[in-house]
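Everything below concerns the one structure shown next.
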Amino acid sequence: MHRTSALRWRQWETKYAHDTHHGFGVAILDVVADPEVRVPLTAISAHLNPYSVLAAAPEAQLLAARLYRYGGMGVIGSDINHIPPRRRRAELGKHPHLPRRAARGRPDHARRWLSRLLSAASTTDPHPH
């Protein structure tokens, strides 16, 4: 939901949603509450592939590309997580095929790698701020 006095719905896009594990949607909104804002607000809702950072990386790049597609401001609201490394087979329950080690065997290497990829696309994670 959005306030119609602040934002006007322009478009909903799912053109490349099939290229990701869980799909995603892109909402393009006009900011009508502030006449000085002359660019659209692009909002993406997504969930990156949790099984492999190597699979999540191109998905993150695709989301960043779609974010900049409309030339305005943007936000990616996404679940960007992965199965914790070094989990024992018993802890994985019904999913014994899921990875038990992060990339290159370092516990947070995968998370940091994906974070750097999104930072390279000039995105900012609001969590630490």
Side-chain angles (χ1 to χ4, degrees):
M1 301 300 295
H2 66 282
R3 282 190 236 155
T4 55
S5 61
L7 299 169
R8 182 176 47 233
W9 191 270
R10 182 192 290 188
Q11 181 179 344
W12 175 253
E13 180 206 304
T14 57
K15 185 176 180 180
Y16 297 100
H18 64 277
D19 289 341
T20 64
H21 182 70
H22 290 292
F24 68 95
V26 182
I28 298 89
L29 307 161
D30 290 318
V31 181
V32 295
D34 186 347
E36 292 187 24
V37 177
R38 292 188 168 92
V39 295
L41 171 64
T42 303
I44 296 177
S45 176
H47 183 137
L48 296 183
N49 189 321
Y51 308 119
S52 164
V53 72
L54 296 176
E59 291 182 352
Q61 289 174 319
L62 176 62
L63 295 181
R66 300 319 296 164
L67 188 68
Y68 291 113
R69 164 81 171 85
Y70 297 95
M73 305 173 291
V75 62
I76 299 173
S78 180
D79 191 349
I80 303 173
N81 61 1
H82 299 288
I83 302 299
R86 297 188 180 135
R87 281 201 156 183
R88 293 184 303 236
R89 189 176 194 99
E91 291 178 67
L92 294 173
K94 297 178 182 178
H95 306 286
H97 62 283
L98 298 180
R100 290 181 291 282
R101 293 177 55 87
R104 298 186 188 173
R106 293 170 49 195
D108 30 294
H109 181 78
R111 287 185 293 274
R112 285 184 287 127
W113 184 66
L114 191 55
S115 176
R116 285 186 192 125
L117 188 145
L118 287 167
S119 292
S122 298
T123 63
T124 302
D125 184 353
H127 175 71
H129 302 287

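None of the values given here were measured: they were computed from a predicted structure.
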Treating Ser78 as the side-chain partner and Ala46 as the backbone partner, does any N or O pair qualify as donor plus acceptor under 3.5 Å? yes
Exercise for the section: For the pair Ser52 (side chain) and Ala55 (backbone), establish whether a donor and an acceptor sit closer than 3.5 Å, ignoring hydrogens and angles. Expected result: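 Indeed, once roles are kept as given, a pair shorter than 3.5 Å links the two residues.
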query: Is there a side-chain contact between Trp9 and Leu29, using heavy atoms and a 4.5 Å cut-off?
result: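 The answer is yes, as the side chains (C-beta and beyond) meet within the 4.5 Å cut-off.
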### Query
Does a side-chain heavy-atom distance below 4.5 Å link Val31 with Leu7?
yes
When clusters are formed by joining ILVMFWY residues with side-chain heavy atoms under 4.5 Å apart, either directly or through shared neighbours, do [X] and [Y] land in the same one?
X	Y	value
Leu48	Leu62	yes
Trp12	Met73	yes
Tyr70	Leu67	yes
Val37	Val32	no

**side-chain hydrogen bond (donor to acceptor under 3.5 Å, both in side chains) pairs, two or more places apart, involving residues 54-66** =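 For residues 54-66, and leaving out neighbouring residues, the side-chain hydrogen bond (donor to acceptor under 3.5 Å, both in side chains) pairs sorted by first residue read Glu13-Arg66.
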Residues 21-38 vs side-chain hydrogen bond (donor to acceptor under 3.5 Å, both in side chains), sequence neighbours excluded, gives Arg10-Asp30
Looking only at heavy atoms, which two atoms of Thr14 and Phe24 are closest? And how far apart?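 Smallest interatomic distance, heavy atoms only, reads CG2-O, 3.9 Å.
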Next on the checklist: For Arg69, give me all partners under salt bridge (Lys or Arg N to Asp or Glu O under 4.0 Å), at least two apart in sequence or on another chain.
Outcome noted: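 In terms of salt bridge (Lys or Arg N to Asp or Glu O under 4.0 Å), with neighbours along the sequence ignored, Arg69 is linked to no residue.
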Self-check item: Residue from Thr42, Leu63, Ile76 passing side-chain contact (heavy atoms from CB on, under 4.5 Å) with Val26
Solution: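 Testing each of Thr42, Leu63, Ile76 against Val26, the sole residue satisfying side-chain contact (heavy atoms from CB on, under 4.5 Å) is Thr42.
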